J.: 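Below is a structure I'd like to ask you about.
Just so we're on the same page: letters track the sequence lines, and every chain starts at 1. If you're wondering where the values come from, they're calculated on a predicted model, not measured in any experiment. Computed over heavy atoms, backbone and side chain alike; hydrogens, waters and symmetry mates excluded.
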There are 2 protein chains.
Amino acid sequence: MLELKSLPDGCAARRRTEACDRCGARAYSVCASLDERELARLDALAERLPLSSGDVLLREGDLARHVFNVTSGSVRVYKLLPDGRRQITGFLYAGDFLGLATGERYAFSAEAMEPGSACRFRKSEYRALIQDTPALEAMLLERANHELAAAQAQMLLLGRKTALERVASFLRDLTTADRMRPSQEGIVRLPMTRGEIADYLGLTIETVSRVMTRLKTENIIRLLSPNELTIERPGRLSALADGEA
Amino acid sequence: MLELKSLPDGCAARRRTEACDRCGARAYSVCASLDERELARLDALAERLPLSSGDVLLREGDLARHVFNVTSGSVRVYKLLPDGRRQITGFLYAGDFLGLATGERYAFSAEAMEPGSACRFRKSEYRALIQDTPALEAMLLERANHELAAAQAQMLLLGRKTALERVASFLRDLTTADRMRPSQEGIVRLPMTRGEIADYLGLTIETVSRVMTRLKTENIIRLLSPNELTIERPGRLSALADGEA
DNA sequence: CCAAGTGTTTGATCGAGATCAAGGCGGCCT
DNA sequence: AGGCCGCCTTGATCTCGATCAAACACTTGG
């Protein structure tokens, strides 16, 4: 669905949201590594995109012409099998960079999960900026390394953890993932549906729902609504996540 | 086992194998990006390590003091759960770089799977070299991106593929993984055991064995020995790997 | 040559999570 | 207000791959 709801091209979208120097995501993104002059150059290259829920940022197989920076909201990144099976490889939030792991064509798709915004850059221009900005390149390398470590942790989860351990891991890690959006102290926001959680954890919707119910029953979490919860026993949750029970 | 069989430290190991300029893995590794002067500097920093089967390169949780370059043989990289469940996150061959995805401490362990060799560098010295060598940094970033793409493909495999699809994917990808070691044209070498394949694919030894038998029965592969095989019907194998059958 | 050890294959059974099937709960549109 | 639709929960059953259990194939060493 929303297959053709693509993004506006060119200058039309620029200046739609605030400039780099007042960007709320700046402190959390690779842009934090830039000095004032460099930031001005980045600012000139940036194309600001407002995002609606379901908007397609990029599609697996398309020519990789752009890279992105999520500035608010949340994004799902996924790969598909020919018959439609989906694996979500990551959720992105404000400050996250998108487009690192790409050759000539995108190896994954990315869509907004809720209203938000992103910056888009022509890959060629961005590459030139990287060339001239060692601090930016170092930052990107560091980010790539973090992502790689996270990917390895996810492989452990997908290959060897039980359903209970997967959901516990997911809920534990959520608390640190969504920067600048704690809506309210201690409350964890779930911008994604059960189906998206399932496709991220290699489970089905039903299994995710059953495990959540169980965690609720055991008073480890409290479900305020399907999309908001609090963690009542963080230690217990973390132990479950690591398979220590 | 072999827990304490650690590697010799310092200069003792240097010059044990050939220098950078005659290194067989050079063309396949990040070193290929260096000019003669830079290569000389790298050469001076390198500590050559001969590897025996089972040798520990680094262990999850240890202080990340070194980075490595595999120059021959093969290496398994894995993460463990407290109860011993193991997920192998990758196999490395000649030319592969190891140590990218690390913060202060290693987030995974790495062990040789067969006799071989590696170069070891002090992380601090290597970082300094990177600082002065943009081409190297660019190469590392590119490598990290490739690894990230590979990790996403592996997540799709672990989260959503059937046992048959996993083994087919593994065998298909093997053909391009082990550079400079085709032993004989058309013959695929399996330097790892069934147990290691299982821990890489999120399966058990028995399931891997049964699927291999099935692929053999259907004349898609031919098992010359448990550790050598030929692919008789590459098209069919690839279709199975992508879940198109 | 046999014994012991390691790794692989094959067979029988079991079980965690998938699939199939209803209901329940909002939110949104007319 | 009412009705539809998307999402979530819960229950019943099924199935793929795990587990349990042997036997088999090599290699190494006495």
Side-chain angles (χ1 to χ4, degrees), chain A residues 1-2 52-54 76 81 83-87 113-115 157-171 189-217 221-229 240 243 245, chain B residues 1-2 53-54 76 81 83-87 113-114 157-171 189-218 221-229 240 243:
Chain A
M1 59 298 309
L2 282 173
S52 300
S53 186
R76 56 177 174 258
L81 286 172
D83 65 2
R85 277 174 286 170
R86 178 177 70 166
Q87 178 64 39
M113 293 195 294
E114 57 180 337
L157 180 150
L158 292 170
R160 290 299 181 221
K161 287 189 182 180
T162 65
L164 178 59
E165 290 160 359
R166 292 180 199 206
V167 174
S169 299
F170 173 67
L171 294 178
R189 206 171 59 93
L190 291 176
M192 65 292 286
T193 66
R194 295 288 181 275
E196 287 163 342
I197 297 172
D199 281 352
Y200 179 61
L201 299 179
L203 300 171
T204 58
I205 291 179
E206 294 92 326
T207 298
V208 171
S209 180
R210 277 186 250 271
V211 172
M212 297 272 265
T213 301
R214 179 170 162 198
L215 290 173
K216 188 179 65 180
T217 307
I221 63 171
R222 185 188 305 267
L223 278 171
L224 310 179
S225 80
N227 297 310
E228 267 188 330
L229 58 85
L240 286 176
Chain B
M1 60 294 311
L2 281 174
S53 185
R76 58 176 173 260
L81 286 172
D83 65 1
R85 276 173 287 171
R86 179 176 70 167
Q87 178 65 40
M113 293 195 294
E114 57 179 337
L157 180 150
L158 292 170
R160 289 298 180 221
K161 288 189 181 180
T162 65
L164 177 61
E165 289 160 0
R166 292 181 200 206
V167 174
S169 300
F170 173 67
L171 294 178
R189 206 171 60 91
L190 290 177
M192 64 293 286
T193 66
R194 296 288 181 276
E196 287 164 342
I197 297 172
D199 282 351
Y200 180 62
L201 300 178
L203 300 171
T204 59
I205 292 178
E206 295 93 325
T207 298
V208 170
S209 180
R210 277 186 249 271
V211 172
M212 298 271 268
T213 302
R214 179 170 162 198
L215 291 173
K216 188 179 64 181
T217 306
E218 294 181 7
I221 63 171
R222 185 186 306 267
L223 279 172
L224 310 179
S225 80
N227 297 310
E228 269 188 327
L229 59 85
L240 286 177

J.: Taking protein heavy atoms under 4.0 Å as touching, what does nucleotides 5-10 of chain D look like 5' to 3' if B marks base contact, S marks sugar-phosphate-only contact and - marks none?
T.: ---SBB
J.: Return the value, rounded to whole Å, for the distance between atom CZ of R85(B) and atom C1' of dT19(D).
T.: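 It works out to 15 Å between those atoms.
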J.: For V167(A) and I197(A), what are the C-alpha separation, side-chain angles and deciding distance, and is it a side-chain contact (heavy atoms from CB on, under 4.5 Å)?
T.: CA-CA 8 Å; V167(A) 174; I197(A) 297 172; 5.6 Å; no
J.: Verify, without hydrogens or angle tests, whether Q87(B) (side chain) and D199(B) (backbone) share a donor-acceptor contact under 3.5 angstrom.
T.: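 Yes, because the side chain of Q87(B) sits within donor-acceptor range (under 3.5 Å) of the backbone of D199(B).
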J.: Side chain of R194(A), backbone of P226(A): donor and acceptor closer than 3.5 Å?
T.: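 Pair found, side chain donor or acceptor close to backbone of P226(A).
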J.: Start with the C-alpha distance between N227(A) and M192(A), add both sets of side-chain angles, then the distance that settles side-chain contact (heavy atoms from CB on, under 4.5 Å), and finish with yes or no.
T.: CA-CA 8 Å; N227(A) 297 310; M192(A) 65 292 286; over 6 Å; no
J.: E165(A) vs R85(B), test: salt bridge (Lys or Arg N to Asp or Glu O under 4.0 Å). Steps then yes/no.
T.: CA-CA 13 Å; E165(A) 290 160 359; R85(B) 276 173 287 171; 2.8 Å; yes
J.: Would you grab the first and last nucleotide of DNA chain C (5' to 3') that comes under 4.0 Å of any non-hydrogen atom in chain A?
T.: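 Result: dG17(C) to dC20(C).
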J.: For T207(A) and R166(A), run side-chain contact (heavy atoms from CB on, under 4.5 Å): C-alpha distance rounded to whole Å, both residues' side-chain angles, the deciding distance at 0.1 Å, then the answer.
T.: CA-CA 11 Å; T207(A) 298; R166(A) 292 180 199 206; over 6 Å; no
J.: Keeping the roles fixed (side chain from R160(A), backbone from R86(B)), state whether a donor-acceptor pair exists under 3.5 Å.
T.: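 Yes, R160(A) side chain to R86(B) backbone: donor-acceptor pair under 3.5 Å.
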J.: Whole Å only: how far is the CG atom of L203(B) from the P atom of dT19(D)?
T.: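 In whole Å, dT19(D) P and L203(B) CG are 11 Å from each other.
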J.: Can you check the E165(B) CD to dC16(D) P distance for me, whole Å?
T.: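 Roughly 12 Å, once rounded to whole Å.
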J.: Of all the heavy-atom pairs spanning L203(A) and A163(A), show the shortest one and how long it is.
T.: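 So the two residues come closest at CD2-CB, 4.0 Å.
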